[in-house]
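Computed over heavy atoms, backbone and side chain alike; hydrogens, waters and symmetry mates excluded. Quick caveat, the model's predicted, so the values are computed rather than measured.
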Amino acid sequence: MDFFTQLSRDISRGFSPELPKDLGNMDDHLDFILDKVQPYGEDIGEKEVWLSKRWKEVRDEEGFHEAILHIFNPGGEYLLTLDGNIVKGAWRQLGGDNTLIIEMSGKGELFDLCFLNPDFMILSKHGDQGRKGLRRYFCLVHEPATRGRSGDLDWRNLMERMYNVYRENSLSLWAWLFFLMAIAALIYFSLK
């Protein structure tokens, strides 16, 4: 990452609001974050963003420690790995919609895309899952993005990282404008 990109991110974060600490569970965090990051996401048709990558499933459930990876390969091959054990299935896009059908063991599930970028793929199973007491979102994170300096990041840190997508994009133009005005003011007053 070059100097100016990092400077832009630091300035943007300085002017951006913090992620509220009292949001509750991961679904509640995603409810708050998704509206803000969706303008900066990709469509499911942008296959280079998500195909042939190791997507780690993230949950906020106490005691969830399994390493579950989801791999969507070209040609509709879907691989689900649970602690290294692989089960094969299939995926397909439903028409031109931002919808995936994932089939495994003779059963299929319909998922709508909520957000996609190189690090996050957030899906929701079609229907009112929250009302049924189930998770509203299926959170997949590109495996390298799940790691921090001291090991794997927990779901809260990953939500903070996802919120950074909003921070780094939403105010970057205004932050740069303010930064340039401040530099211009310093130069102007230093010459007087």
Side-chain angles (χ1 to χ4, degrees), residues 19-34 36-38 41-42 44 46-94 98-166:
L19 181 63
K21 302 290 184 206
D22 59 348
L23 288 174
N25 64 22
M26 189 168 74
D27 282 349
D28 295 335
H29 276 75
L30 287 169
D31 283 341
F32 180 82
I33 295 169
L34 285 172
K36 293 170 177 30
V37 298
Q38 279 175 336
E42 305 290 341
I44 208 81
E46 304 293 327
K47 291 185 172 51
E48 68 278 358
V49 174
W50 60 279
L51 281 185
S52 301
K53 291 172 78 171
R54 295 162 55 130
W55 293 98
K56 187 171 184 179
E57 186 172 333
V58 176
R59 298 184 194 171
D60 61 351
E61 299 167 8
E62 197 66 38
F64 176 74
H65 301 291
E66 292 83 11
I68 300 176
L69 294 177
H70 302 265
I71 303 167
F72 303 89
N73 284 323
E77 180 185 52
Y78 170 69
L79 303 174
L80 173 70
T81 72
L82 175 59
D83 292 327
N85 299 312
I86 299 175
V87 178
K88 286 187 177 185
W91 70 267
R92 62 188 162 105
Q93 184 178 356
L94 182 63
N98 274 326
T99 301
L100 284 179
I101 297 172
I102 300 175
E103 298 170 340
M104 186 169 301
S105 304
K107 296 181 181 179
E109 295 180 291
L110 181 66
F111 291 96
D112 296 315
L113 179 68
C114 297
F115 179 73
L116 173 65
N117 79 353
D119 290 331
F120 294 93
M121 177 187 269
I122 310 298
L123 303 168
S124 65
K125 189 171 177 181
H126 189 73
D128 191 0
Q129 303 303 312
R131 191 173 54 158
K132 297 174 188 173
L134 302 172
R135 293 182 292 152
R136 291 187 305 265
Y137 299 104
F138 186 41
C139 182
L140 302 174
V141 181
H142 187 218
E143 191 177 30
T146 65
R147 297 185 190 108
R149 292 183 188 145
S150 59
D152 284 349
L153 299 173
D154 69 358
W155 70 267
R156 281 179 172 58
N157 288 320
L158 291 169
M159 293 298 102
E160 189 75 36
R161 187 171 277 186
M162 187 175 176
Y163 190 63
N164 284 342
V165 171
Y166 166 68

Is there a side-chain contact between Leu30 and Arg136, using heavy atoms and a 4.5 Å cut-off?
-> no
Flag the pair Glu109 / Ile101 as yes when at least one side-chain heavy-atom distance between them is below 4.5 Å, and no otherwise.
-> no
Residue pair Leu34 / Met162, side-chain heavy-atom distance below 4.5 Å = yes
Trace of the side chain to side chain contact (heavy atoms under 4.5 Å, CB included) decision for His126 with Thr99 = CA-CA 9 Å; His126 189 73; Thr99 301; over 6 Å; no
Side-chain contact, heavy-atom cut-off 4.5 Å: Ile86 with Thr81?
-> yes
Do the non-hydrogen side-chain atoms of Phe32 and Met159 ever get within less than 4.5 Å of each other?
-> no
To the nearest 0.5 Å, what is the distance between CE (Met121) and CD (Glu57)?
-> 12.5 Å
Over 12 foreign heavy atoms within 6.0 Å of CZ, Arg59 | yes
Mind checking whether Phe72 and Trp91 have parallel, tilted or perpendicular rings, split at 30° and 60°?
-> perpendicular
Asn85 side, atom CG; Ile68 side, atom CD1 - distance, nearest 0.5 Å | 11.5 Å
Do His70 and Tyr78 come close enough that some side-chain heavy atom pair is under 4.5 Å?
-> yes
Nearest heavy-atom pair of Ile122 and Leu140: which atoms, and what distance?
-> CD1-N, 4.5 Å
State which residues pass ring-ring contact (aromatic ring centres under 6.0 Å, His included) with Phe111; sequence neighbours excluded, sorted by chain then number.
-> Phe138
Pairwise distance CZ(Arg161) to CG(Asn164) - rounded to 0.5 angstrom = 8.0 Å
Yes or no on side chain to side chain contact (heavy atoms under 4.5 Å, CB included) for Tyr137 and Met26, after CA distance, side-chain angles and deciding distance?
-> CA-CA 9 Å; Tyr137 299 104; Met26 189 168 74; over 6 Å; no
In sequence, state the C-alpha distance, the side-chain angles, and the governing distance for His29 and Asp60, and then conclude on side chain to side chain contact (heavy atoms under 4.5 Å, CB included).
-> CA-CA 11 Å; His29 276 75; Asp60 61 351; over 6 Å; no
Look up atom CG in Leu23 and atom CG in Asp28, then write down how far apart they are to the nearest 0.5 Å.
-> 7.0 Å
Using 4.0 Å as the upper bound for N to carboxylate O, is an ion pair formed by Lys53 and Asp119?
-> no
Listed partners of Trp55 passing ring-ring contact (aromatic ring centres under 6.0 Å, His included), at least two apart | His142
Lys88 NZ: over 12 foreign heavy atoms closer than 6.0 Å | no
Would you check if the side chain of Asp83 reaches a backbone N or O of Ala67 as a donor-acceptor pair within less than 3.5 Å?
-> yes
Spacing of CG belonging to Leu51 relative to CD belonging to Glu46, to within rounding of 0.5 Å = 11.0 Å
Atom CG in Leu113, atom CG in Leu94: separation rounded to 0.5 Å?
-> 13.0 Å
Are any non-hydrogen side-chain atoms of Val165 and Phe115 less than 4.5 angstrom apart?
-> yes
Val87/Met104 under side chain to side chain contact (heavy atoms under 4.5 Å, CB included): CA gap, chis, key distance, verdict = CA-CA 8 Å; Val87 178; Met104 186 169 301; 3.6 Å; yes
Check whether any side-chain heavy atom of Leu100 lies under 4.5 Å from a side-chain heavy atom of Ile44, and answer yes or no.
-> yes
Do you know the tightest heavy-atom contact between Cys114 and Leu123?
-> SG-C, 4.1 Å
